[in-house]
Amino acid sequence: MRDPLKGHAALRVGRWSTTDTFYFITICLKPVQVGLNTDELFDNSVGTLKALEGDSCKAVHGVVHMPDHIHLLIELNTETSLHDFVRLYKSRMTPVLGKTDLRWQKGYHDRRLRSNDSVGSVLRYMLMNPYGKGLLGAIHVWPFW
């Protein structure tokens with residue numbers, strides 16, 4: 001039997017979601033899978049996020065699809081925990097991913113922005129990520145943001 005205080009479960013011990021707070025989230029595909037940077041998946045992702053906005057989060061401030069992961073910047077509301085928001089997003093996107101044989105990696109990475117953190121610097125990181133990874137040159141625009 002697996003020890004519940006090891007691995008991903010151990011990271012969540014003592015954590016809670018804070019309402020009216022910005023969270024920077026990274027959700028990855030299973031290792032060695034790529035393919036999130038397609039028009040169909042991006043359009044479905046944006047549609048899913050728009051549907052979740054309001055009920056499941058206060059606002060989605062940014063989304064960037066990379067080939068093997070997604071960056072989100074959201075602001076939580078009082079109705080939904082961060083864990084529930086990510087669970088809803090991943091479950092609604094799973095059938096769309098399944099059409100391309102892609103699968104989510106278990107869990108996600110999150111960082112709560114504190115009052116002295118700059119939302120602009122997080123958005124800049126998200127937007128510059130494709131350039132930093134060498135996916136396109138400086139004169140091109142990444143279409144999946």
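Note that the structure is a prediction, hence the values are computed from the model and not measured.
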Throw together a table of side-chain donor-acceptor distances under 3.5 angstrom for residues 40-47, partners on residues two or more places apart or in other chains.
| unit_1 | atom_1 | unit_2 | atom_2 | d |
| --- | --- | --- | --- | --- |
| N44 | ND2 | E40 | O | 2.8 |
| S45 | OG | H65 | NE2 | 2.9 |
| S45 | OG | Y89 | OH | 2.6 |

**Request:** For V64 and L72, run side chain to side chain contact (heavy atoms under 4.5 Å, CB included): C-alpha distance rounded to whole Å, both residues' side-chain angles, the deciding distance at 0.1 Å, then the answer.
**Result:** CA-CA 7 Å; V64 174; L72 300 170; over 6 Å; no

**Complete:** Output for pair (C57 SG, F85 CZ), nearest 0.5 Å, gives 4.5 Å

**Item:** Salt-bridge criterion met for R111 and D117 (N-O under 4.0 Å)
**Value:** yes

**Prompt:** At their closest point, which heavy atom of P95 faces which heavy atom of S91, and how far apart are they?
**Reply:** CD-O, 3.3 Å

**Asked** Is D39 close to F144 at the side-chain level, that is, under 4.5 Å between some pair of heavy atoms?
**Response** yes

**Prompt:** In Å, rounded to the nearest 0.5 Å, how long is the span from CG of N129 to NE2 of H71?
**Reply:** 4.0 Å

**Under 3.5 Å donor-acceptor, K58 side chain and T78 backbone** = no

**Donor-acceptor contact present, side-chain E53 to main-chain V60, <3.5 Å** = yes

**Prompt:** Is L127 linked to V119 within one hydrophobic cluster, defined over Ile, Leu, Val, Met, Phe, Trp and Tyr using a side-chain heavy-atom separation of less than 4.5 Å?
**Reply:** yes

**Prompt:** Do V86 and I27 pass the side chain to side chain contact (heavy atoms under 4.5 Å, CB included) test, and can you show the C-alpha distance, the side-chain angles, and the key distance before you say yes or no?
**Reply:** CA-CA 9 Å; V86 174; I27 305 172; 4.0 Å; yes

**Request:** Could you tell me whether the side chain of L36 reaches within less than 4.5 Å of the side chain of L97, counting heavy atoms only?
**Result:** yes

**Message:** Just so I know, are the side chains of T48 and V96 near enough to count as touching, which here means a heavy-atom distance under 4.5 Å?
**Reply:** no

**Asked** Linking I/L/V/M/F/W/Y whenever their side-chain heavy atoms sit closer than 4.5 Å, directly or via other members, would M128 and Y125 fall into one cluster?
**Response** yes

**Request:** Report the C-alpha separation of V63 and I74 in whole Å, then their side-chain angles, then the decisive distance to 0.1 Å, and conclude whether the side chain to side chain contact (heavy atoms under 4.5 Å, CB included) test is met.
**Result:** CA-CA 9 Å; V63 57; I74 68 161; over 6 Å; no

**Message:** Quick check on W142: does its CH2 atom have over 12 non-hydrogen neighbours (other residues, nucleotides or ligands) under 6.0 Å away?
**Reply:** yes

**Prompt:** Between CG of L113 and CD of E75, what distance do you get to the nearest 0.5 Å?
**Reply:** 10.5 Å

**Message:** Tell me if the centroids of the rings in H140 and Y131 come within less than 6.0 Å of each other.
**Reply:** no

**Message:** Any side-chain to backbone donor/acceptor pair from N77 onto D55? Under 3.5 Å, distance only.
**Reply:** yes

**CH2-NE2 distance between W104 and H69, expressed to the nearest 0.5 angstrom** = 11.0 Å

**Asked** Does the Q33 side chain pair with the main chain of R103, one donor and one acceptor, at a distance under 3.5 Å?
**Response** yes

**Rounded distance [0.5 Å steps], NZ in K133 versus CG in D68** = 8.0 Å

**Side chain to side chain, I25 and L73, heavy atoms closer than 4.5 Å** = no

**Request:** Please tell me if the side chains of V34 and L29 come closer than 4.5 Å, counting only heavy atoms from C-beta onward.
**Result:** no

**Fill in**
Checking H109, M126, M66 against T26 for side-chain contact (heavy atoms from CB on, under 4.5 Å), the one that qualifies is H109

**Close side-chain approach of S56 and D84, heavy atoms under 4.5 Å** = no

**Asked** For the atom pair CG (L49) and CD1 (I70), what is the distance rounded to the nearest 0.5 Å?
**Response** 8.0 Å

